[in-house]
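Working notes for the structure below.
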Amino acid sequence: MLRTRWTIGNWKQNLLRGAAEDLATAVVGDLPEPVAEGGKQVRVGIAPSYVALDAVRPWVRPQGPLFLFAQDVAAQDEGAFTGEVGPAMLSDVGAHGAIVGHSERRIHFGETDATVARKVHVALEAGLRVVLCVGEGLEIREAGQHESHVISQLSAALSQLPAELVSERLIVAYEPVWAIGTGKTATPRDAAAMHHRLRAWLEQHFGPAGADRSILYGGSVKPNNAAALMAAGDVDGFLVGGASLEAEAFLQIVRLVVSAA
Ligand code: PEP
């Protein structure tokens, strides 16, 4: 089976509603053909702030072409959890899914592996898509422990997940923390090696349903490095931060993902 290739823009804590609407309009207006036609093999998503999700709703349809993600989701369905936004609320506002376990959530907001695991479970069970982020910090990479660290994050997030929730709605993103927003990128070879390792774990635990998951790379992806990363093999697209805030840069990356063999 051909894995779905994704390009997803993480807008982080940027853009007021009007600017979010303008950026979504520019992106949706120039999507390359297989995406614009709603093809299943190449997909594009954006992740605005919670309060801007509604502003981009006019382009949101159940089957795209533009998929809408929140940048996080609560670890429980509903209840007395001040400040949290649950999966049903996201569906209600038109979101297709959520990013879960981004390193900025883990580092700045103390999100633990256990919380990430609950969020993945709750969101998938509620019918959302999940972009599960894993990735190592610089010291871990320099100590040569990056593979075991990233696999332990993946295992913590997924090993208790019921197998029936492992479907195309689960997307994994490998994002080395030292490459996020720094201008440094993993070499295509290093990215491919980690993706290979992640896929092997997914296959071992979930069989073909695990092996077929889209695994995205994230960390200073730009139009000038996207082609080489795609060519490395085992990279099924990108989670893009900074470059996703400019329509043309983001669309160039989308085009490179679409045209990758
Ligand atoms: C991200 O935050 O997911 C990300 C990859 O950011 P950047 O592209 O800016 O490194």
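Numbering of ligands and ligand atoms starts at 1, following listing order. These numbers come from a predicted model, not from an experiment.
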Stepwise side-chain contact (heavy atoms from CB on, under 4.5 Å) check, L53 with R57
CA-CA 7 Å; L53 286 169; R57 194 174 183 148; over 6 Å; no
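Using a 4.0 Å cut-off between a side-chain N of Lys or Arg and a carboxylate O of Asp or Glu, E248 and R255 qualify as a salt bridge. A salt bridge links R3 to D234: one of the charged nitrogens lies within less than 4.0 Å of a carboxylate oxygen. Look at D236 and R213 and you find no salt bridge, because none of the NZ, NE, NH1 or NH2 atoms lies under 4.0 Å from a carboxylate O.
Residue contacts with ligand 1, taken as heavy atom pairs separated by less than 4.0 Å, do not involve C133 at all. Contacts with ligand 1 closer than 4.0 Å are made by heavy atoms of both the backbone and the side chain of I180.
Checked by atom type, the side-chain pair S152/S155 shows no donor-acceptor distance below 3.5 Å.
Distances below 4.0 Å separate heavy atoms of S220 from the following atoms of ligand 1: 7 (P), 8 (O), 10 (O). In the vicinity of G219, heavy-atom distances shorter than 4.0 Å reach the ligand 1 atoms 5 (C), 10 (O). Counting atoms of ligand 1 from 1 in the listed order, those under 4.0 Å from a heavy atom of G242 are 7 (P), 8 (O), 9 (O). Under a 4.0 Å criterion applied to the non-hydrogen atoms of A179, ligand 1 contributes the atoms 10 (O).
Using a 4.0 Å cutoff on heavy atoms, H102 counts as a contact of ligand 1. Assignment of A173 to the shell around ligand 1 is not supported, since no heavy atom sits closer than 4.0 Å. Ligand 1 lies within reach of G181, whose nearest heavy atom is under 4.0 Å from it.
The aromatic rings of H96 and F67 sit tilted, their planes meeting at an angle between 30° and 60°.
The same ILVMFWY cluster, assembled from side-chain heavy atoms under 4.5 Å apart, contains both L158 and L128. In the hydrophobic cluster analysis, where Ile, Leu, Val, Met, Phe, Trp and Tyr join through side-chain heavy atoms closer than 4.5 angstrom, V73 is grouped together with V130.
When hydrogens are left out, the protein atom nearest atom 2 (O) of ligand 1 is K12 NZ, 2.5 Å; that is the closest non-hydrogen contact. If you check which protein heavy atom lies closest to atom 5 (C) of ligand 1, you get E175 OE2, 3.1 Å.
When only interatomic distances are considered, the shortest N/O to N/O separation between L239 and ligand 1 does not fall below 3.5 Å. Between K222 and ligand 1, a contact under 3.5 Å exists for no N or O pair. Between G241 and ligand 1, a contact under 3.5 Å exists for at least one N or O pair.
E168 has its side chain within reach of K40: a pair of non-hydrogen atoms, C-beta onward, lies under 4.5 Å apart.
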